[in-house]
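Here's the structure, in structure tokens; my notes come after.
On a predicted model such as this, the values are computed, not experimentally measured, just so you know. The chains referred to below are lettered A, B, ... by the order of the sequence lines, with proteins before strands, and numbering in each begins at 1.
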Amino acid sequence: MVTPLDLIRKKRAEAVSRIIGKGYLAAKRVYVGMATCEIAAGSKEVMEVFKQAIAKGIVKDVYLSQKGCAGRCNLEPTVEVIETGKMPVRYGRIDADKARQIIEKHLKGGQVIEEWVIG
Amino acid sequence: MMEYAITICEGPTCIGRHADRLRAILLEELAKRGLKDHVRINISGCLGMCHKGPFLVVNPGYTIYGGVTESDIPVIVEEHIVKDRPIARLAVQEDHLFNRFYRIFGDVGFFGKQMRITLRNCGIIDPENIDDYLALRGYEALAKVLTEMTPQQVIAEVKQSGLRGRGGAGFPTGLKWELTAKQPGPEKYVICNADEGDPGAFMDRSAIEGDPHTILEGMIIGGYAIGSNHGIVYIRAEYPLAVRRLEIAIQQARQHNLLGKGILGTNFDFDIEIRLGAGAFVCGEETALIQSIEGARGMPRPRPPFPATSGLFGKPTLINNVETWANIPVIILEGAKWFSSIGTETSKGTKVFALAGCVVNTGLVEVPMGTTIRQVVYDIGGGIPGGKRLTAVQTGGPSGGCLPESYLDTPVDYESLAKAGSIMGSGGMIVMDETACMVDVARFFLEFTQSESCGKCTPCREGTKRMLEILERIVQGKGRPGDIERLERLGNMIKKASLCGLGQSAPNPVLSTIRHFRDEYQQHIEQKRCPAGVCKALLTYTITDACVGCGACKKVCPVGAISGTKKEKHVIDQAKCIRCGQCYTTCKFNAISRS
Ligand SMILES: Cc1cc2nc3c(=O)[nH]c(=O)nc-3n(C[C@H](O)[C@H](O)[C@H](O)COP(=O)(O)O)c2cc1C
């Protein structure tokens with residue numbers, strides 16, 4: 001008999017493969033905070049910059065996702081860049097212009113922009 | 001940039017097993033090898049894996065080393081840090097639900113000292129994609145319950161966990177479930193209270209926006225436990241994004257057969273709908289909330305009967321707060337025994353606070369019960385900015401109270417906060433520095449409850465109005481002898497005689513500030529003085545000898561109250577002065593005194 005637990009394990013495996021299918025295993029993953037508080041601070045524009053950059057092929061091998069509020073109200077909008085094997089980098093108070101610089105310097109150039117990092 | 005971050009758990013159990021000694025050895029070892037600049041050491045509060053302690057978490061990679069001994073430290077440094085080869089022998093392989101944020105945020109002081117159970121996925125997953133939730137063991141608790149637990153066993157587990165309601169009153173959740181389950185009849189309701197009306201509170205909104213499926217999963221489990229097929233989320237219309245994410249989540253859950261008929265192949269049916277509230281504070285009170293869903297005006301009614309016996313449409317109804325629901329999947333998967341190991345004797349688990357006010361790191365914070373207010377404000381919040389002095393910490397919003405500096409070591413749990421004269425409430429925490437006037441703060445909160453009073457019962461309707469009038473005359477400099485006693489008498493009367501929790505708690509901000517800051521009230525009434533310099537009517541601005549006669553103040557004064565010739569000391573005509581303070585902020589020479 002198939003139990004609910006069996007079913008949910010199957011669902012999880014399928015979910016994981018769908019996430020991977022969307023490019024989760026890319027070298028770099030970018031997360032943009034998109035809760036009410038983050039959006040009020042301007043995160044929609046930031047998200048748009050990353051979306052455009054990926055759509056236009058300016059950056060490759062990047063997985064982009066939104067996320068809820070992590071709790072750093074005074075530092076929003078926040079953006080995380082996670083690379084396999086490296087310490088996650090969390091940027092605070094990012095606007096569209098800073099997002100473009102993150103794309104140029106960090107995603108393309110591999111250089112962390114220390115002054116915006118939340119420590 | 002650091003290449004590694006090592007987090008050492010220094011919760012009580014791990015300290016008991018000499019985690020601090022491990023830290024000293026680790027620091028020594030790193031110094032010896034010249035690796036100090038490459039590794040960052042973080043100290044965390046209890047990470048909730050006491051049975052494996054003492055332990056370290058190495059990032060990147062999120063390798064957890066458990067049962068670490070002193071002789072393991074050089075090995076970890078040599079193998080993992082120098083050669084980048086994690087040590088399988090020491091690694092703990094456990095897929096916990098809690099503290100998932102550690103992988104990403106664990107090395108940041110603000111996060112590292114927290115423990116995240118209800119906010120476990122907030123800021124980590126995409127809240128609009130059920131796949132993200134499923135991948136992190138989402139709906140596994142529901143599946144477990146449907147596969148191997150009877151409703152009675154679920155209730156027993158929740159009871160044993162010691163979970164208490166997070167909506168304010170702290171009623172034991174398992175007991176409430178048991179009472180509702182015991183009621184006869186096939187028709188019962190499950191409600192999630194997401195009204196969140198306290199000014200400054202945003203815990204529930206953030207929880208729903210960041211991880212809506214957790215709430216749904218908790219509610220479905222609740223429905224199974226009490227024998228209900230119908231769930232309702234009551235949420236204010238002012239939270240459009242949270243509403244939209246809930247709608248998406250419900251839709252996706254239905255597609256996956258996690259809501260609807262025959263959930264996961266069983267014969268259990270359950271569905272959830274959303275009801276929007278118009279945003280009245282009193283509609284968060286459970287009986288008023290139920291009336292509001294029924295289509296009537298949101299007004300509380302006397303209890304008993306409690307909703308457990310006669311709730312929505314007169315049927316047995318289980319109503320819990322958002323944060324209460326979010327704990328349920330974790331309790332089911334990690335077990336009541338583990339859950340009850342977190343927190344204090346009477347308050348188990350964690351509490352989320354919306355930390356705001358005069359504090360460096362404002363934000364959403366989740367800490368184990370029993371953490372002191374000082375730890376929240378200083379260790380996580382980063383203290384008071386601008387070198388100012390802390391005057392008070394307000395908890396519980398308009399139903400709570402202000403605690404002075406001397407009460408900072410009060411642990412956050414239901415009983416300790418109540419004993420100190422405040423309440424846990426739903427989780428607002430406002431830090432105030434020396435620029436806050438306690439009388440004015442009390443007036444602010446009372447103004448809120450007074451205008452939100454639904455008017456049904458006299459003590460609340462008339463009493464809060466009279467109290468507000470007294471407070472208003474005090475801040476206007478028209479306080480009379482005996483006003484403090486009048487406030488105390490009225491306050492205690494309103495608390496005792498009001499119909500619902502709104503009136504029963506409305507005097508708290510006033511009574512607690514009188515208890516802890518009585519001298520501030522006295523100064524306002526007797527000397528017509530506001531020590532914090534907030535109450536406009538009580539301030540006098542004068543120009544001191546430091547004045548160089550630049551004329552800047554004269555220019556900004558909107559009523560022409562300042563006169564004087566250039567390069568000579570100016571004067572303020574007190575009869576004309578409206579105490580707006582513009583001269584005070586404009587003067588570059590600190591030549592204007594305010595008292
Ligand atoms: C004036 C007033 C406002 C309330 N507002 C809320 C609210 O916004 N959210 C909430 O969960 N509980 C609120 N409550 C508490 C509810 O009446 C009820 O106790 C709670 O929803 C029960 O859930 P719990 O046991 O999980 O805390 C309020 C109570 C009062 C008296």
Side-chain donor or acceptor of N74(A) paired with backbone N/O of V360(B) under 3.5 Å: yes
task: Decide yes or no for K67(A) and D126(B): does some side-chain heavy atom of the first lie under 4.5 Å from some side-chain heavy atom of the second?
output: no
message: Need one label for L7(A): side chain, backbone, both or neither, based on atoms under 4.5 Å from any heavy atom in chain B.
response: side chain
statement: Residue pairs meeting ring-ring contact (aromatic ring centres under 6.0 Å, His included), one or both in residues 73-109 of chain A, sequence neighbours left out, come to Y91(A)-H106(A)
task: Work out which heavy atom in I19(A) is nearest to a heavy atom in A135(B); give both atom names and the distance.
output: CD1-CB, 3.9 Å
- prompt: Taking C-beta and beyond as the side chain, do R72(A) and F110(B) meet within less than 4.5 Å on heavy atoms?
  reply: yes
Heavy-atom contacts under 4.5 Å, residues 92-100 of chain A to chain B: none
- line: Bottom line for Y239(B): the part with an atom under 4.5 Å from chain A's heavy atoms is neither
message: What part of I130(B) gets within 4.5 angstrom of chain A, counting heavy atoms only: side chain, backbone, both, or neither?
response: neither
query: Is it the backbone or the side chain of R103(B) that comes under 4.5 Å from a heavy atom of chain A, or both, or neither?
result: backbone
- request: With a 4.5 Å heavy-atom cut-off (strictly below), which parts of residues 141-150 of chain B touch chain A? List them by number.
  value: A143(B), K144(B), L146(B), T147(B), E148(B)
message: Within this structure, what is the CD1-SG distance for the pair I208(B) and C69(A), rounded to the nearest 0.5 Å?
response: 13.0 Å
query: Just one of D132(B), N129(B), D131(B) clears the side-chain hydrogen bond (donor to acceptor under 3.5 Å, both in side chains) bar with R18(A), so which one?
result: D131(B)
query: What distance do E3(B) atom CD and K86(A) atom NZ have between them, rounded to the nearest 0.5 Å?
result: 10.5 Å
- line: Heavy atoms of E128(B) and Q66(A) approach each other most closely as CD-NE2, 3.3 Å
message: If I compare all heavy atoms of G123(B) with all of E80(A), which pair ends up nearest, and what's the gap?
response: O-OE1, 4.1 Å
query: Ignoring hydrogens and geometry, is there a side-chain-to-backbone donor-acceptor pair from R90(A) to I104(B) under 3.5 Å?
result: yes
query: Nearest heavy-atom pair of P127(B) and G68(A): which atoms, and what distance?
result: CD-N, 4.1 Å
message: For L75(A), which atoms come within 4.5 Å of any heavy atom of chain B: side chain, backbone, both, or neither?
response: neither
query: S65(A) versus chain B, heavy atoms under 4.5 Å apart: side chain, backbone, both or neither?
result: side chain
message: With chain A as the partner, which of Q114(B), E366(B), R137(B) has the greatest number of non-hydrogen pairs under 4.5 Å?
response: R137(B)
- request: Can you establish whether the number of heavy atoms outside Y63(A) located under 6.0 Å from its atom OH is more than 12?
  value: yes
message: Looking at every heavy atom in both A70(A) and F105(B), which two are closest together, and how far apart are they?
response: CB-CZ, 3.9 Å
Inter-chain contacts: residues 8-15 of chain A against chain B, heavy atoms under 4.5 Å: I8(A), K11(A), R12(A), A15(A)
